[in-house]
*Asks:* 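I am attaching a structure below and will ask some questions about it afterwards.
Side-chain atoms are counted along with the backbone in the values below, which use heavy atoms only and exclude waters and symmetry mates.
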Number of protein chains: 2
Amino acid sequence: MDIRQIRYFVAVAEERNIGRAAKRLFISQPPLTRQIQQLEDELQVKLFERTAKGVELTSAGQLFLNESRNILSLIEQAQERTQRAGKGQLGRLDVAIFGSGILNTIPDILKRFKTAYPGVNIVLHQMSKAEQIEALRQKRISVGFNRLLAPLPDIDSTMILQDKLMVAVRDDHPLATKSLINLKELDNEPIVVFPKGARPNFVDLVSRVFQEAGVTMNITQTVIDAVTGIALVSGGFGFCLIPSSASVLQLPGVKYIPLGGLPDNATVDLSCIYLKDDHSPLLSAFLAVVHEYKSQLNHHTSFSAARE
Amino acid sequence: MDIRQIRYFVAVAEERNIGRAAKRLFISQPPLTRQIQQLEDELQVKLFERTAKGVELTSAGQLFLNESRNILSLIEQAQERTQRAGKGQLGRLDVAIFGSGILNTIPDILKRFKTAYPGVNIVLHQMSKAEQIEALRQKRISVGFNRLLAPLPDIDSTMILQDKLMVAVRDDHPLATKSLINLKELDNEPIVVFPKGARPNFVDLVSRVFQEAGVTMNITQTVIDAVTGIALVSGGFGFCLIPSSASVLQLPGVKYIPLGGLPDNATVDLSCIYLKDDHSPLLSAFLAVVHEYKSQLNHHTSFSAARE
DNA sequence: AATTGGTAATACCTTAAAGGTATCAAGCAG
DNA sequence: CTGCTTGATACCTTTAAGGTATTACCAATT
């Protein structure tokens with residue numbers, strides 16, 4: 001049995017006339033007659049009664065007509081869905097995020113992607129940097145969001161943005177009135193740092209900055225993520241240096257003040273990582289959204305810079 | 001797209017190796033490679049990633065694998081169901097019955113047919129003789145049960161049994177004690193007859209019998225069917241002649257007594273009728289059951305005749 | 001670094017089957 | 001009885017599926 005034969009059968013059943021059906025199918029009548037005969041032979045069932053005016057369906061033929069329509073429609077659907085899946089418009093994308101990365105940029109990107117590809121089911125996984133890399137290699141995830149990556153041979157990354165540093169400070173502290181804090185002003189002040197976990201990470205960046213500026217760093221706590229660090233600031237444990245994108249988080253009694261007097265490379269990047277040899281259309285589609293987001297981000301910041 | 005290609009695709013997806021799949025399909029590797037390429041070209045989707053050890057499904061391929069399995073299973077089902085329909089094991093059979101015909105024989109036949117062909121949905125219609133013939137011609141029904149048919153050019157019939165005549169009589173009537181009533185004993189007695197409707201019918205048979213025997217027939221009521229007639233006997237309206245198969249009906253105060261002194265042709269047949277040019281397997285199957293029923297009926301009656 | 005074993009891809013040929021043309025046989029309307 | 005329409009058959013052409021031989025590629029191993 002053959003899809004062609006099924007198509008032919010449906011045409012004949014609908015036209016109730018082999019010659020007319022042949023015209024509709026843009027073939028001549030004899031091969032159509034033969035295909036129908038073959039179909040009947042194979043099924044060992046008479047599908048049509050031959051009459052003087054044409055043909056008419058037997059009851060078995062009527063049943064087979066229904067089934068045939070189902071089959072053709074299922075095939076059509078399969079083709080369409082497969083093509084959509086091939087364009088990355090359908091399927092499932094497993095994405096890893098890290099603790100505080102969820103604060104603003106990542107939700108924006110995910111929201112854009114969901115709008116552009118509503119057929120794709122996004123599944124989020126909270127994972128540390130090391131876990132993300134392992135999960136990528138095991139193909140449990142397709143993309144991970146992260147900061148401060150060391151290059152790896154099998155993993156590519158795309159930098160999304162570079163956060164400058166800010167200081168989280170209690171609003172009853174003398175420095176809280178300033179619009180810019182110089183690193184030197186934090187000399188020997190109590191500092192909460194994060195995260196715990198695989199190096200290199202944000203702590204290393206902060207340490208390097210202090211070291212290069214010759215400022216003493218007085219670490220009082222090392223906590224798991226930015227949210228916890230800022231909560232400790234709110235609780236009076238001291239200062240906390242954060243990537244500026246974490247400043248969307250509002251906690252009672254906490255103010256965020258830009259940190260000045262730093263070298264240009266004192267930034268922390270947000271990147272997304274993915275397997276170098278993953279050519280799936282879903283990933284490509286996702287990265288396209290990321291790049292679009294990135295370029296709009298640049299335009300926007302240059303605009304606001306021009307206005308200021 | 002082609003069912004063959006779908007089968008090939010499933011084999012390759014399952015073996016994750018084109019060469020192995022080719023062996024399983026009893027073809028050589030190159031044409032299989034080509035068929036898969038064609039499928040990919042047609043869908044414009046890469047279904048497999050080619051690796052050193054074989055191939056592996058892309059996510060679009062995974063989706064298409066699911067769809068393919070659905071398609072193949074639907075095709076298989078369609079073939080099987082169509083073949084069963086072709087053997088008359090599946091479908092719908094519209095059967096017409098008449099008022100009192102439902103009393104014993106017809107339910108027996110229907111029961112047998114339902115046991116032998118459980119996949120067939122039997123739909124019953126109550127119809128008079130004339131209605132049945134019209135419905136047959138319009139193909140609203142496939143079989144009708146009836147009595148006393150006049151032959152028609154486009155309709156065939158099969159006689160199922162011939163009922164002898166019996167008399168329904170109130171049990172308080174003097175004749176009710178007899179084991180056989182002679183027609184002459186009904187001379188000028190009040191008689192209820194049935195049915196109303198298209199001739200020839202049961203009334204005509206009864207009238208003819210009276211006439212040929214030279215007995216005066218005193219019709220007091222003409223009612224629609226046997227059940228009503230017997231009910232009137234129960235109500236004291238007189239006698240009622242019935243086909244013996246209607247004697248399974250028990251009503252208070254009514255006895256059935258065989259009618260004697262009649263010619264051999266004083267019987268009323270039960271037949272089923274159908275279109276002469278209906279060659280549907282469902283009808284054939286049904287008629288086969290009818291014939292089987294008939295032959296068993298004959299064996300049974302000859303046995304009981306032998307024993308008596 | 002070269003080799004070998006196993007993979008899919010390609011080139012070229014053979015064979016099977018689908019399609020086309022011409023014609024026939026059957027049934028119905030005039 | 002005669003066209004006219006229908007599906008069926010015979011025979012040829014063309015398309016496409018399948019086979020054989022070979023190549024290109026990758027990875028694991030020596």
Side-chain angles (χ1 to χ4, degrees), chain A residues 1-58 60-61 65 68 137 153-154 275-279, chain B residues 1-58 60-61 64-65 137 153-154 275-279:
Chain A
M1 189 148 77
D2 190 355
I3 293 179
R4 190 196 301 111
Q5 288 176 326
I6 296 178
R7 290 221 164 82
Y8 286 5
F9 166 76
V10 172
V12 173
E14 283 175 356
E15 296 290 343
R16 296 208 301 278
N17 178 310
I18 296 187
R20 258 204 314 276
K23 258 179 211 158
R24 193 174 110 181
L25 295 165
F26 302 109
I27 61 172
S28 62
Q29 169 259 320
L32 184 52
T33 294
R34 244 180 303 140
Q35 291 296 330
I36 297 295
Q37 287 172 338
Q38 281 177 25
L39 189 60
E40 288 182 327
D41 285 355
E42 188 185 336
L43 292 172
Q44 304 188 332
V45 168
K46 249 178 81 180
L47 298 171
F48 294 104
E49 289 293 342
R50 275 70 169 174
T51 71
K53 280 176 246 152
V55 295
E56 62 186 43
L57 285 167
T58 62
L65 177 59
S68 294
R137 290 184 173 141
D154 56 341
L275 280 181
K276 192 168 282 185
D277 59 355
D278 183 347
H279 305 295
Chain B
M1 190 147 77
D2 191 355
I3 293 177
R4 189 198 301 114
Q5 289 176 325
I6 297 178
R7 291 221 163 81
Y8 286 4
F9 166 76
V10 172
V12 173
E14 282 175 357
E15 297 289 343
R16 295 210 301 277
N17 178 310
I18 296 186
R20 261 204 312 277
K23 259 180 210 155
R24 192 173 111 181
L25 295 165
F26 303 109
I27 61 173
S28 61
Q29 171 258 318
L32 184 52
T33 293
R34 241 178 307 140
Q35 291 296 331
I36 298 295
Q37 286 172 339
Q38 280 177 26
L39 189 59
E40 288 181 328
D41 284 356
E42 189 185 336
L43 292 172
Q44 304 188 332
V45 168
K46 251 178 77 181
L47 298 171
F48 295 105
E49 287 293 340
R50 276 67 169 175
T51 70
K53 281 175 248 155
V55 295
E56 60 185 45
L57 285 168
T58 61
F64 189 64
L65 177 59
R137 290 185 174 142
D154 57 339
L275 280 181
K276 193 167 281 185
D277 59 353
D278 183 347
H279 305 294

*Asks:* Are Arg50(B) and dA9(C) close enough that a side-chain N or O sits under 4.0 Å from OP1 or OP2?
*Replies:*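 Indeed, a polar side-chain atom of Arg50(B) lies that close.
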
*Asks:* Select base, sugar-phosphate, or nothing to describe what Glu49(B) touches, counting heavy atoms under 4.0 Å on all strands.
*Replies:*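 No contact.
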
*Asks:* Measuring only between side-chain heavy atoms, which start at C-beta, is Gln5(B) closer than 4.5 Å to Met1(B)?
*Replies:*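 Yes, at least one pair of side-chain atoms sits under 4.5 Å.
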
*Asks:* Give the rounded distance in Å between these two atoms: CG of Asp41(B) and P of dA9(C).
*Replies:*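 Answer to the nearest Å: 11 Å.
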
*Asks:* Which of residues 7-31 of chain B sit near DNA chain D, with a heavy atom under 4.0 Å from it?
*Replies:*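 DNA chain D contact set from residues 7-31 of chain B: Tyr8(B), Phe26(B), Ile27(B), Ser28(B), Pro30(B), Pro31(B).
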
*Asks:* Could you tell me the separation between the NZ atom of Lys46(B) and the CD1 atom of Ile36(B), rounded to the nearest 0.5 Å?
*Replies:*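 That separation rounds to 14.0 Å.
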
*Asks:* Kindly compute the distance separating CG (Leu25(A)) from CD (Gln35(A)), expressed to the nearest 0.5 Å.
*Replies:*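 Atom-to-atom, Leu25(A):CG and Gln35(A):CD are 10.5 Å apart.
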
*Asks:* Counting any heavy atom closer than 4.0 Å, what does Gln38(B) reach on the DNA or RNA strands: base, sugar-phosphate only, or nothing?
*Replies:*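 Sugar-phosphate only.
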
*Asks:* When only distance counts, do a donor and an acceptor, one from the side chain of Arg34(A) and one from the base of dG20(C), lie under 3.5 Å apart?
*Replies:*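 When only heavy-atom distances are counted, Arg34(A) does reach the base of dG20(C) through a donor-acceptor pair under 3.5 Å.
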
*Asks:* To the nearest 0.5 angstrom, please state how far the CG atom of Leu39(A) sits from the CZ atom of Phe48(A).
*Replies:*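 These two atoms lie 8.5 Å from each other.
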
*Asks:* Mapping Thr33(B) and Lys53(A) onto DNA chain C by nearest heavy atom, which one lands closer to the 5' end?
*Replies:*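 Residue closer to the 5' terminus by nearest nucleotide: Thr33(B).
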
*Asks:* Which heavy atom in Ile18(A) sits nearest to a heavy atom in Leu32(A), and how many Å separate them?
*Replies:*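 Looking at all heavy atoms of both residues, the shortest contact is O-CD2, 3.3 Å.
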
*Asks:* Are Gln35(A) and dG19(C) close enough that a side-chain N or O sits under 4.0 Å from OP1 or OP2?
*Replies:*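 For dG19(C), OP1/OP2 do have a side-chain N/O of Gln35(A) under 4.0 Å.
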
*Asks:* Would you confirm whether Arg16(A), through its side chain, and Glu56(A), through its main-chain N or O, come within 3.5 Å as a donor-acceptor pair?
*Replies:*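 Answer holds: no.
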
